[in-house]
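Residue numbers begin at 1 in each chain, while the letters A, B, ... track the order of the sequences.
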Amino acid sequence: MRHYFNDLPKTALTAGYWLFVAYLLLPLTLMMSMSFKDANFIAFPIQDWTLRWYAEVLQDRQFLDAIAYSAFIAFATTVCATVIGVWIALVVATEGIFGRAAIFALACLPAVVPGLINAISMRIFIRVIDLPTGTAAIILAHTVHAVPFVVIMALTRLRSMPKNLTDAARDLGADPFIAFVRVTIPYLMPALLGGMIFCVLTSIDDFVRTFFLGGYKPTLPMLIFAKVQGGMSPQINAMATIVLIATALIGLYAEYLTRRARK
Amino acid sequence: MQPVVHFKNVNKYYGAALAVENLDLSVEPGQFVTLLGPSGCGKSTTLRMLGGFETPSSGEIFLDGKPITKLPPNKRNVNIVFQDYALFPHLSVGRNIAFGLELKGLASDAIHKRTSELLSLVKLEDFAERMPDQLSGGQRQRVALMRALAPNPHVLLLDEPLSALDAKLRQQMQIELKSIQQTTGKTFIFVTHDQEEALTMSDVVVVMNKGRIEQMGAPDTLYSRPQSRFVANFIGESNFLEADVTAVHGNVATLDWDGHVIHADVNGNRVAAGDRTTVALRPESLYCLADKPGDRLALKGRIVRRVFKGAHSALTVQLTNGKELVVQIDPVALSQLHSDDIWIGWREQDAVLLRD
């Protein structure tokens with residue numbers, strides 16, 4: 001015990017940390033436990049447990065459609081953002097290209113522009129270019145938002161890459177394209193995987209851009225939002241719990257992949 | 001014989017800065033050629049121009065008589081061993097070596113055969129499946145060498161490949177490199193700033209300074225017959241004597257060195273009586289005597305400093321004309337000197353006139 005009193009600042013720090021973790025996890029735990037409660041009212045105590053809400057959710061056409069739609073948008077966004085992001089990272093990493101710093105700053109701007117501003121400006125923009133609201137518009141907005149993360153992750157990795165690696169590939173008979181595909185891309189892979197998963201998660205999570213640019217078909221956040229408007233229900237808790245677990249698994253898998261690639 | 005590599009009047013500028021100036025260099029096939037010089041002398045630039053990673057500002061480069069000045073690296077039949085090895089971290093040892101073979105479009109069994117052949121050449125047969133970061137420095141070095149040799153290049157370029165290794169390993173690799181060069185019969189062009197490396201391995205050493213070739217020749221010629229102050233100083237150590245020529249007989253010049261009469265080899269220089277020149281004298285070419293020799297020329301001097309260096313000692317001797325010479329002396333000879341007052345002599349062919 002002596003140890004704790006001697007090191008008060010350290011103890012305070014540790015205690016503060018655990019308080020924060022509790023604050024972080026308590027609402028989530030609450031939500032998850034309510035999704036198993038066999039009653040329509042969200043309140044303690046829980047007398048009976050059930051999986052009924054999950055069964056209902058998983059048979060809910062609306063919910064499954066929204067998931068499929070969100071997944072499709074996330075996939076398209078990831079593909080576009082990865083291609084554009086890697087391209088920009090390569091430009092920024094190449095010496096002797098005019099305005100590299102400006103290109104980098106502009107590419108990163110969408111990461112700091114407030115989502116609402118971004119969404120409104122995109123809404124005006126698609127009107128100007130005569131693009132209807134809907135899937136294409138959503139993908140466009142999500143891509144703009146996701147590109148900076150790919151650029152930053154790819155660039156960080158690219159900067160740690162020995163320049164001799166591509167030289168060696170060229171020396172051994174590879175033209176610039178083959179050198180890029182066979183040496184640069186594999187070297188970037190851990191960063192790309194991380195960036196891609198980040199794209200997927202931000203796209204699935206996005207509400208405000210989708211809200212401004214979407215058509216009649218709801219994505220997952222929009223569906224949940226619409227349902228919440230009609231009052232909280234255990235069904236929503238079950239939906240949210242499924243989303244929480246799925247995204248947590250994706251995140252952990254990404255971490256595992258990058259760790260393995262680094263070894 | 002047609003030179004395998006020929007630099008014809010090559011210049012390279014970076015902006016206004018000169019990297020290589022008026023380079024004319026021919027390399028005979030099967031030779032181990034070393035480009036030796038301090039950092040910034042243009043040796044690496046020369047190598048990179050040959051590899052295709054730098055383009056000359058002017059001049060032509062020929063490989064096997066064909067101009068390659070404008071060809072990209074992948075179209076040249078030369079391969080480089082990079083200073084930091086540049087092994088592909090995501091490929092196994094075997095796949096690293098196979099990289100150039102795959103790009104040549106070889107069949108997979110031919111690739112496999114060549115890869116294992118090369119691995120056994122450096123006794124790394126059991127390492128084909130290892131990843132580069134699981135290898136020691138010396139093993140990486142060997143893999144990089146085999147990867148560059150795999151596509152069977154006409155010339156192998158080596159850019160200071162031993163500089164990252166420790167002293168013991170470096171010596172071992174010097175011997176190994178030389179023997180691989182002899183077994184394969186390939187032309188090696190090796191870049192280094194380490195004179196010992198250059199002297200140990202090379203058939204021909206090209207000493208470079210400030211973008212120009214100072215002197216090229218066999219290691220022993222360079223060592224015993226340096227033509228410039230730079231070469232005499234960069235390879236080994238030298239005493240420099242500024243003296244006036246008083247007479248020339250055949251290859252031997254008689255000089256007046258601040259009141260002392262000395263003899264030196266003219267070393268191919270055209271000199272006449274009255275010219276002021278510099279004579280280079282190796283510390284190990286000088287010998288010390290306790291008494292004045294009757295039959296030879298010797299100069300009287302006094303030991304002013306002794307530095308013990310293990311196998312030998314370095315004595316600084318002040319002569320009666322006030323000049324100092326550094327003498328390298330072995331322990332046996334040193335024990336025969338009874339006092340600090342001694343006589344110094346040398347064979348006249350060991351003193352060479354320099355052009356600057």
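When side chains are defined from C-beta on, A:Ile197 counts as touching A:Leu201, because their heavy atoms get closer than 4.5 Å. Looking only at side-chain heavy atoms (C-beta outward), A:Thr143 and A:Ile84 come within less than 4.5 Å of each other. Taking the side chain as every heavy atom from C-beta outward, B:Ile189 and B:Leu47 approach each other to under 4.5 Å.
Note that B:Arg142 lies outside the cation-pi zone of B:Phe127, set by a 6.0 Å cut-off to the ring centre and a 45° limit from the axis.
Proximity to chain A (any heavy atom under 4.5 Å) is restricted, for B:Phe53, to the side chain, taken from C-beta onward. For A:Ala169, the parts lying near chain B are the backbone and the side chain together; criterion is any non-hydrogen pair under 4.5 Å.
More than 12 heavy-atom neighbours from other residues, nucleotides or ligands sit within 6.0 angstrom of CZ on B:Phe62.
Between A:His145 and A:Phe149, the ring planes are perpendicular. Angles over 60° get that label, and only those under 30° would be called parallel.
A donor-acceptor pair shorter than 3.5 Å cannot be found between the side chains of B:Asn11 and B:Ser57.
For the options B:Ile80, B:Asn77, B:Leu157, B:Val78, heavy-atom pairs under 4.5 Å to chain A are most numerous at B:Ile80.
Heavy-atom proximity under 4.5 angstrom to chain A picks out B:Gly100, B:Glu102, B:Leu103 from residues 100-116 of chain B.
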